Structure formats: C-alpha cells, structure tokens
Amino acid sequence: MKISDKFNELKKKKEGALIAYICAGDPTPEATKEYVTALVRGGADIIELGLPFSDPTADGPTIQAGIERALNGGMTPDIYFKLIGSLKVHIPLVVMTYYNLIFKRGLEKFVKDCVSFGISGIIVPDLSAEESGELAGLCKQYDVDLIFLVAPTTTESRMKRILAEGTGFVYLVARLGVTGARKDVAASTRELVERVKTRTPKAVGFGISNGKQTSEIIRTGADGVIVGSAFVDIIASGKDVPGRLEALARELKDGIRSANK
Amino acid sequence: MKQELKQTKFGKYGGQFVPEVLMPAIEELTEQYEKYKDDPVFNEELDYYLRDFAGRPSPLYFAKHLSKEYGVKIYLKREDLVHGGAHKLNNTLGQALLTKYMGKKRIIAETGAGQHGTACAMAGAAFGISTEVYMGARDTVRQRMNVYRMELMGTKVIQVKSGSQTLKDAINEAMRDWAANVETTHYMIGSVVGPHPYPMMVRDFQSVIGKEVRTQIMEKEGRFPDSIVACTGGGSNAMGIFYPFIEDDVDLFAVEAGGSGMKVTEKEALHSATLCTGEEGILHGMHTMVLQNKYGQILESSSIAAGLDYAGVGPELAYLADTGRIKPRNSMDSEALDAFHDLCRLEGIIPALESSHALAYVKKAASSGELGEIVVINISGRGDKDLETVMGMKK
C-alpha cells in the first residue's frame with residue numbers, strides 16, 4: 001500500500017496516523033513477524049522497520065540496544081527483505097536504515113528490492129538533503145517514497161530544499177536530540193508544525209510514549225505520530241511482548257482518535 | 001590539487017552525511033571557519049598559543065644513529081615535544097579558539113585512549129571554555145591516568161556505558177549531546193574525519209607541522225626530502241605533514257596499522273589498514289574507505305596502537321590514495337614494536353606506538369630504494385603512554 005493512500009484513507013475518517021517503529025530482527029526475525037501483527041492489531045497505520053546498522057549514530061541508547069540485539073540475532077539486509085516479503089499486512093511498510101547499508105547493496109538494487117518485497121518508503125537518518133540526489137532520483141524512478149526529517153533547528157532555506165525533495169510524509173523531530181522516550185511533549189512541536197508548510201503529511205516523532213502525548217501532538221495540527229523507543233522498550237523487557245505492544249499501540253491510537261482532527 | 005573550502009568533497013570522498021538536527025550546526029561551523037581561517041587577528045592569536053603555550057616550532061632532528069642502522073638519511077619531526085606529548089594540541093588549540101570566536105560556551109569531544117581528550121582539556125583550560133569529554137567505560141579503566149590528567153585540567157570525563165563501551169560508543173554519545181545542545185556547544189573532532197568541514201579544518205590546523213618542515217629541511221639540506229612517512233589512523237598527523245608538500249616532488253607514505261595480520265571475519269579485522277584493504281562506504285558523516293563486511297556493517301578494527309585503531313580514514317587520504325599522490329602502506333604490531341625499541345635504544349627518544357609504525361616502515365623499505373636518500377618521519381607523539389603495553393609484550 002502506498003503511504004499517500006493510507007493518509008488519504010485516514011483523512012476521510014478525520015484521523016491521524018500512528019506510525020510504529022521497531023527494529024527488524026530484534027531479537028529474532030520470527031519474533032518480528034509476531035510483533036508486526038500485534039502492532040497492526042493495536043491500530044498502527046504504518047510500520048517503520050529498522051534495518052540494523054552497526055554504528056547507529058542518530059539513534060538513542062534504547063534503539064541502539066535493539067539494533068545490537070537484532071545484529072546478534074543474525075539480521076542482515078538479505079534476511080530483512082525476505083522477512084518483509086513474508087509479512088502478511090495490508091498497511092504501508094517503511095524501511096529505516098543508515099546510508100552505508102544502502103550504498104553497499106547498491107542504491108538501485110536497494111530501491112528495487114524495496115519495490116519487489118513491499119516497502120513503500122525509505123528513511124535514512126544520516127542522509128542529508130545535500131547528499132540525497134542520487135537516491136532521490138531512483139526513488140522517483142521506482143515510485144518509492146524518500147522521507148526526510150526536519151528539526152526545530154532547520155533553517156528556512158534548508159526547509160524549502162527538504163520539502164522539495166521529500167515525499168510520503170515529513171518526519172518532524174519534536175525536540176533536539178536523538179530518539180528516546182521522554183516524559184513531556186516539547187512546546188516547540190506546535191511551532192515546528194506551523195513552520196513546515198507543505199501538502200505532504202506531517203508526522204511528529206522523538207520522545208513520544210503515551211496516549212496523552214499522541215492526542216496533544218495531533219492537536220498541534222500534525223497528521224501523524226511516530227513512536228519507536230516505547231515499543232523497543234517493551235521488546236527489551238521480553239515479557240508478554242506481543243500483548244503489550246498491541247495494548248500500547250491501542251492506547252496511542254486512542255489518543256490520536258480522541259484529538260478528532 | 002588543493003581544494004577550496006566551499007567544496008565539501010575531495011573527489012567523490014567526504015561530504016556531509018549527518019542527521020538533520022546537526023546540519024545547521026555544521027553549516028554554521030563551515031561558515032565561521034571560512035570567515036576566520038584567513039583572518040589575521042585569528043591567526044595571530046593562534047600563532048601566539050602555538051608558540052608560547054604549545055612550544056612550537058617543534059624541532060626537525062637528524063637521527064644519526066638510526067640513519068646508520070636503517071641505511072637512509074632520517075630526519076624526525078618531533079611532534080612528541082609539543083605540549084602534551086603529541087600533535088593533537090595543534091588541532092584542539094585551533095578549534096578552541098574558533099569556539100571562542102563563534103561565541104560558544106562549551107566544548108565536547110570523544111576520546112578513545114585519551115590523547116585527543118587530553119589535548120581538548122589543555123585547550124579548554126587555556127581558553128577558559130568548559131570542556132566535557134565522552135569516553136567508553138572500558139577505556140576509562142584502561143586509561144585511568146589520562147582520565148585523571150583531564151580531570152586535573154578541569155575537564156569533565158563522562159563514562160559511556162552503552163554498547164561496547166569504547167571509542168565508537170563515545171562518538172555516538174558525543175553526537176547525541178551535540179544534537180541536543182548545538183546552540184551552545186562546539187563538538188571538537190580530533191582527526192581529519194567526520195562531515196565537512198572537519199576533514200579540511202583539522203588538516204589546516206595540523207598543516208603547521210608540514211609548513212615547519214619545509215623551512216627546517218631547507219635550512220638543513222638545502223632541498224626537500226625525497227619522502228615523508230607518517231602513521232595513519234584517522235590521518236591527522238599524516239595530512240598535517242603531507243599537505244604543505246602536496247604539490248611538490250616528494251613521495252608521501254601513509255603507514256597504517258597491520259595489526260596482527262590481514263585476517264578479516266564477518267565482525268572484525270585483525271588490523272586497521274583501511275586505505276590498504278578497505279572499501280568505499282559511509283561512516284561518521286563522510287564518504288571514505290572503511291573496514292566493513294559484505295553487507296556494509298562496520299568491522300571492529302585492531303591495533304597495538306590505540307590511535308591507529310579506527311575502521312575509517314580521513315576522506316582526503318582516501319582521495320589522495322586513489323589519485324596515487326600518497327602511497328598507503330602498513331606495519332604489523334610486531335614490526336612497530338621492534339622499531340619502537342630501535343629508536344629508544346639508538347636515539348634516546350621514546351616514540352608513541354602509533355609513530356613507531358612509520359619508523360617500522362622506513363626500516364622495512366629503506367633498502368629497496370623506494371624512499372630515496374632523505375626521509376622525514378613524523379614522530380607524532382611520545383611513547384610514555386605506551387610503556388605498560390610495551391612491558392606487557394616483553395616475554
């Protein structure tokens with residue numbers, strides 16, 4: 001399913017999107033299948049599946065630990081695409097990974113693999129708009145979304161450039177720093193949502209972990225909420241993981257629905 | 001062949017592969033560095049600190065006994081005599097001064113064995129700027145004297161307990177800190193690595209080494225050397241001594257750590273010879289040569305010398321190796337140790353194990369004629385920090 005189709009569908013229902021991140025292969029590829037199903041049951045609209053990289057400099061300690069568990073569990077790009085191909089879900093899937101894994105596989109092969117195994121979008125946290133030309137061209141050619149991040153520190157001139165390059169949705173970094181669940185939602189979020197002027201849907205991520213926050217975020221005018229660390233924390237605990245992933249997804253989605261766009 | 005600062009790449013290498021949260025800080029740094037790098041007031045102040053604080057110029061010493069032993073005329077560039085015992089301070093003084101000019105209040109850095117961290121602590125104290133250094137928890141135990149040294153100079157050493165608790169994790173944490181505090185904080189990178197402008201900026205600050213050699217060798221020999229040999233991890237001492245000679249007829253040898261052999265597994269390499277054996281990749285914000293497996297996962301590198309133990313290399317070195325301007329070579333742990341003992345015994349100079357790799361290559365290659373008649377070796381640091389390692393290697 002295309003990301004834009006999902007956002008259009010939600011728009012008709014006047015609903016924001018819940019975008020859930022987990023790291024593929026954390027702790028095993030088999031577990032990931034089960035967890036994805038649980039997240040979908042709980043109400044996730046889009047799933048970001050991390051393809052683990054050995055040096056994840058843009059991630060916080062929680063996700064870094066998940067990435068390490070996945071690598072220790074034997075996750076590789078080949079296994080990743082096989083896993084994606086075996087998932088029986090009817091929502092958009094997005095790959096989040098670092099540029100070296102794409103570069104090493106070959107940009108075109110990577111994008112083609114995304115198309116043939118059922119990935120609708122690509123997020124590369126260490127790929128700046130300045131360096132993205134070649135990948136953006138291929139994504140356009142093969143009709144895969146290339147999703148960019150904007151931060152509170154992003155200048156106006158950079159903002160224009162990023163919004164011109166990105167498709168699918170824009171990933172708004174709610175606060176400075178890297179991924180990791182925190183207690184409150186920054187006031188800068190509303191300001192950032194207002195600053196990002198585009199028709200592409202806006203999804204806010206970083207530091208979001210409960211239904212109260214997702215409700216607040218949607219009220220700022222965002223079209224979606226991205227949650228990662230809170231799910232990865234549950235996976236790390238190893239206790240009743242599918243049940244708790246589903247329950248958290250439900251809480252987050254209920255929060256989104258309560259904001260009643 | 002010299003690159004303009006406005007360009008972010010060296011051929012295809014270099015660039016700015018960083019999270020968006022850091023891009024504004026990188027842009028600001030690029031702009032400010034361009035503004036000050038040729039500013040007379042900035043450079044006058046930097047010269048003052050390099051001279052009166054760091055003790056520059058460092059001597060170029062004719063190593064009579066070593067020349068006889070190795071069979072080639074050897075001059076040593078004595079960066080081991082710079083304050084702190086290594087070339088690292090050249091860069092941190094430059095960046096700390098830039099921090100002051102940019103109006104930032106805080107310096108952060110990462111350190112592996114503690115050499116760069118110590119140089120940051122010295123520069124931070126000299127300019128009165130609050131300095132915090134991230135260091136893997138395992139490294140803080142292995143290098144506790146360096147931790148204490150930094151603390152004595154007022155630097156806060158932050159132990160990193162995530163992941164492997166070594167340099168790689170310290171880099172991750174420092175990046176996180178910078179991302180969260182870009183408005184007030186300058187991130188001090190210790191080598192010619194990372195996103196643009198760091199590789200160029202650090203090279204420029206380290207170029208004082210090569211500039212001095214140009215004058216000193218003319219005084220002593222009335223001509224340039226046939227070759228210059230420097231050890232290479234990230235490559236800051238190498239670029240520092242090479243760069244001023246880049247357009248001259250001087251052969252430049254970058255000697256990497258051959259470790260305990262060229263063996264590589266899915267997860268680790270027994271060496272750190274990135275230029276010699278690596279492949280193109282993207283790591284720590286730059287497109288360069290890296291040690292990686294077939295999927296692009298970065299390998300754990302290895303070397304007896306902590307300062308060479310890095311799975312990447314400066315992008316300009318990757319470019320210069322591609323064009324054939326520099327010649328990548330390597331020395332094994334055991335060869336470096338032999339050369340370490342040679343210099344101690346013959347000249348009364350205890351070199352860093354890093355620098356010993358350069359010495360070892362000269363020992364190996366002198367008889368082949370590859371190095372010509374006059375060689376300059378960069379003694380990038382002193383070896384006091386390595387004594388425990390060397391003692392441990394004695395059977």
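A, B, ... follow the sequence lines: proteins, then strands. Residue 1 opens every chain. Just so you know, these numbers come straight off a predicted model, no measurement behind them.
Using a 4.5 Å cut-off between heavy atoms, A/Pro125 contacts chain B through its backbone alone, with no side-chain atom that close. Contacts of B/Leu283 with chain A are made by side-chain atoms alone, with heavy-atom separations under 4.5 Å and no backbone atom involved. Looking at B/Lys267, only its side chain comes within 4.5 Å of chain A, counting heavy atoms on both sides.
Ranking A/Asp78, A/Val124, A/Leu71 against chain B, the residue ahead of the rest is A/Asp78, based on heavy-atom pairs under 4.5 Å. When A/Leu149, A/Ile102, A/Leu127 are compared by the number of non-hydrogen pairs under 4.5 Å with chain B, A/Leu149 comes out ahead. Annotation: maximal heavy-atom pairing with chain A below 4.5 Å, among B/Asp169, B/Asp177, B/Val18, occurs at B/Val18. No other option in B/Ser162, B/Gly285, B/Gly15, B/Gly281 has as many heavy-atom pairs under 4.5 Å with chain A as B/Gly281.
Salt-bridge annotation for B/Glu268 and B/Lys263: absent, with no side-chain N of the basic residue lying under 4.0 Å from a carboxylate O of the acidic one. With salt bridges taken as basic N to acidic carboxylate O contacts below 4.0 Å, none links A/Asp223 and A/Lys202. Using a cut-off of 4.0 Å between Lys/Arg side-chain N and Asp/Glu carboxylate O, B/Glu280 and B/Lys12 are scored as salt-bridged.
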Inset, instruction - Take B/Thr274 and B/Tyr310 through the test side chain to side chain contact (heavy atoms under 4.5 Å, CB included) and record every step on the way to the result. - result: CA-CA 8 Å; B/Thr274 314; B/Tyr310 182 51; over 6 Å; no
Inset, instruction - I would like to know whether B/Lys88 and B/Ser236 meet side chain to side chain contact (heavy atoms under 4.5 Å, CB included); could you show each step before the answer? - result: CA-CA 8 Å; B/Lys88 291 282 179 190; B/Ser236 71; 4.0 Å; yes
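Ring-centre distance between A/Tyr171 and A/Phe206: below the 6.0 Å cut-off. Taking the six-membered ring where the residue is Trp, the centroids of A/Phe103 and B/His287 are separated by under 6.0 Å. No close placement of the B/Tyr319 and B/Tyr13 rings is indicated, their centers lying 6.0 Å or farther apart.
Side chain of B/Asn293 to main chain of B/Gly296: a donor-acceptor pair is present (N/O by atom type, distance under 3.5 Å, no hydrogens or angles).
Residues of residues 105-113 of chain B placed with any heavy atom under 4.5 Å of a heavy atom in chain A are absent; none qualify.
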